[in-house]
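Note that the coordinates shown come from a computational prediction; the quantities given were computed from them, not determined experimentally. Nothing fancy with the numbering, it's 1 onward along the sequence.
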Amino acid sequence: MPITARDREILRLAVPAFGALVAEPLFLLADYAIVGHGLGTTALGALGVAGTVLSTLVNLCVFLAYGTTASVARQSGAGNHARAMRNGVDGIWLALAIGAAVVAVCWPLAPAIVELFGAGQEQTAEAVTYLRISLLGAPGMLVVLAGTGVLRGLQDTVTPLAVAVGSFALNAALNAWFVLGLHWGIAGSAWGTVLAQTLGAAVYLAVVVRGALRLGTPLVPDLAGVRQAGTASFALLVRTVCLRVVLVVATVVATRMGKPELAAYAIATQLWTLLAFALDAIAIAGQAITGRSLGAGDTVATRAATRRMVQWGAWSGVVLGAVVLAARPLVPGLFDADPEVTAQLLALLWPVALFQPVCGVVFVLDGVLIGAGDQRYLAWAGVWTTLAYLPAAFLASGFGVVALWCALGVWMVARLITLVRRAAGTAWLVTGA
């Protein structure tokens, strides 16, 4: 495809977004290495349990970034820069409120939450310690999501990249100091995370406050605006919950198939997640570009950008699928898989690769409709596609892990149908502020 001005705009937003997306898993690997090296297997297991709880909270609250991106981009495209910043400030106040609620609810329930994972007594105690300390960073963590949404809405994905790399590098350095230098144990790893998240949030607050003061936007919470942001975010929360249900059900089904199947599924899931980051970067560009162009009232540019991003998504999926197939013989060795797991994984990588073009189009259209503010449709579509997936997952339980991944393929195809059908119509092309 020849590179056009529109392509350069997509790449200007997508490339830094990709860097920010992959920064987190890469630096989390450093955290696991520090804890494993300095504290041993028990602490590493505790970090895995508590980290799963925290990552679930983050994934459920990702609507703070997506919803804020859409509203800020739309107002900015309409030329209402003060209103755009007002929406950003409201999004940050909503993040602070949710963060405070998360701490208030989850801190006393931390032992009960950890016990659900069935870990041993020593691991449970350390996981509770890590989780309770890390929860203190929840407000900052959610402010980072909302602040990222503000800057993406303002067509800036470079600053979130810089903050992500800086905060995660600081997190790794603090963890090494606290765990290996000061010997604070698992608590040291948790405090490093809290400090890094809080400082990252402080950077976003400084950027948003400076922009608000420049535009004369009040910094006090607008209760009506916060309520509106919460109402709009509820539909995105429903969509996110549907996504989590699908992934949890797939994990449960794989667990019941046996240890080799579960191990192969876990490796394939990590690989699929990494590929999703690459494709999701284009979706983030879609959120920002769509919101801005519809805010400006330009449906022709919105359609043209959508077509181009869909092409980028489809071809990126083809390339990533080809990479998976080319690397397929090498992947089991990277994880030191035993022969049983290797056999399952080699078979599983075929559907992982073949569904990548579908994933590319789905992620792009998902981002476009989020940018258009079409959250209610996405929520209902999420419910219906999840209902389409559940019978397929149930049937797959008797045919092995490849059939289970094909059931995930059924889910992706169902999402493709709902998104393409919506994008082909005009109901989502709502223009203006």
Side-chain angles (χ1 to χ4, degrees), residues 17 19-32 47-69 91-92 94-107 109-110 113-114 116-117 127 130-152 160-161 163-165 167-168 170-172 175 189-190 192-201 203-204 229-230 233-234 236-248 251 269-270 273-274 276-277 280-281 283-284 287 366 370:
L21 287 168
V22 300
E24 180 175 1
L26 291 177
F27 283 110
L28 283 178
L29 287 176
D31 291 350
Y32 275 83
L47 177 60
V49 170
T52 298
V53 176
L54 292 169
S55 65
T56 299
L57 289 173
V58 173
N59 287 328
L60 289 176
C61 292
V62 75
F63 61 81
L64 290 167
Y66 291 173
T68 306
T69 297
I92 287 177
L94 177 62
L96 287 169
I98 294 175
V102 165
V103 175
V105 172
C106 294
W107 201 91
L109 293 176
I113 294 171
V114 170
L116 293 174
F117 289 82
Y130 185 93
L131 180 58
R132 279 183 161 167
I133 295 172
S134 295
L135 282 171
L136 300 178
M141 182 170 55
L142 300 189
V143 166
V144 167
L145 288 176
T148 300
V150 175
L151 295 185
R152 286 174 180 170
L161 170 61
V163 175
V165 172
S167 61
F168 288 123
L170 177 62
N171 185 24
N175 282 0
S189 179
T193 299
V194 169
L195 290 175
Q197 288 171 342
T198 303
L199 288 173
V203 173
Y204 279 113
S233 296
F234 179 75
L236 287 177
L237 176 61
V238 171
R239 165 192 167 275
T240 303
V241 168
C242 289
L243 298 179
R244 300 304 297 179
V245 166
V246 167
L247 297 177
V248 168
T251 302
T269 300
Q270 292 304 311
T273 301
L274 180 62
F277 283 142
D280 214 27
I284 288 172
Q287 293 175 26
D366 199 48
I370 289 173

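Annotation: the span from L170 atom CG to L199 atom CG amounts to 6.0 Å, rounded to 0.5 Å. Rounding to the nearest 0.5 angstrom, the gap separating the CG atom in N175 from the OG1 atom in T193 is 5.0 Å. Atom CG of L94 sits about 7.5 Å away from atom OG1 of T68, to the nearest 0.5 Å. Separating the CG atom in L236 from the CG atom in L60 is a distance of 12.5 Å, to the nearest 0.5 Å. With rounding to the nearest 0.5 angstrom, the OH atom of Y66 is 5.5 Å from the CD1 atom of I284. Rounding to the nearest 0.5 angstrom, the gap separating the CG atom in L243 from the CG atom in D366 is 7.5 Å.
Without hydrogens or angle criteria, S167 side chain to A164 main chain gives a donor-acceptor distance under 3.5 Å.
A heavy-atom distance below 4.5 Å is not found between the side chains of I370 and T69. No side-chain heavy atom of Q197 sits under 4.5 Å from any side-chain heavy atom of V144. Residues V58 and V62 form no side-chain contact, since every pair of their non-hydrogen atoms from C-beta on lies 4.5 Å or further apart.
Nearest approach of L161 to G19, heavy atoms of both residues: CD1-C, 3.4 Å. Smallest separation of non-hydrogen atoms from A190 and S134: CB-OG, 3.6 Å. The minimum heavy-atom distance linking P160 with T148 is given by the pair CB-CG2, 4.1 Å. Of all heavy-atom pairs spanning I92 and G147, the tightest one is CG1-N, 4.4 Å. For the pair V103 and A138, the tightest heavy-atom approach, listed with the atom from each and the gap, is CG2-CB, 4.2 Å. Considering all non-hydrogen atoms of both residues, S189 and Y130 come closest at OG-CE1, 3.6 Å.
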(request) Could you check L57 against L135 for side chain to side chain contact (heavy atoms under 4.5 Å, CB included), going step by step and ending with a plain yes or no? (result) CA-CA 10 Å; L57 289 173; L135 282 171; 4.1 Å; yes
(message) If you apply the rule side chain to side chain contact (heavy atoms under 4.5 Å, CB included), what do you find for L96 with L142, and how did you get there?
(response) CA-CA 7 Å; L96 287 169; L142 300 189; over 6 Å; no
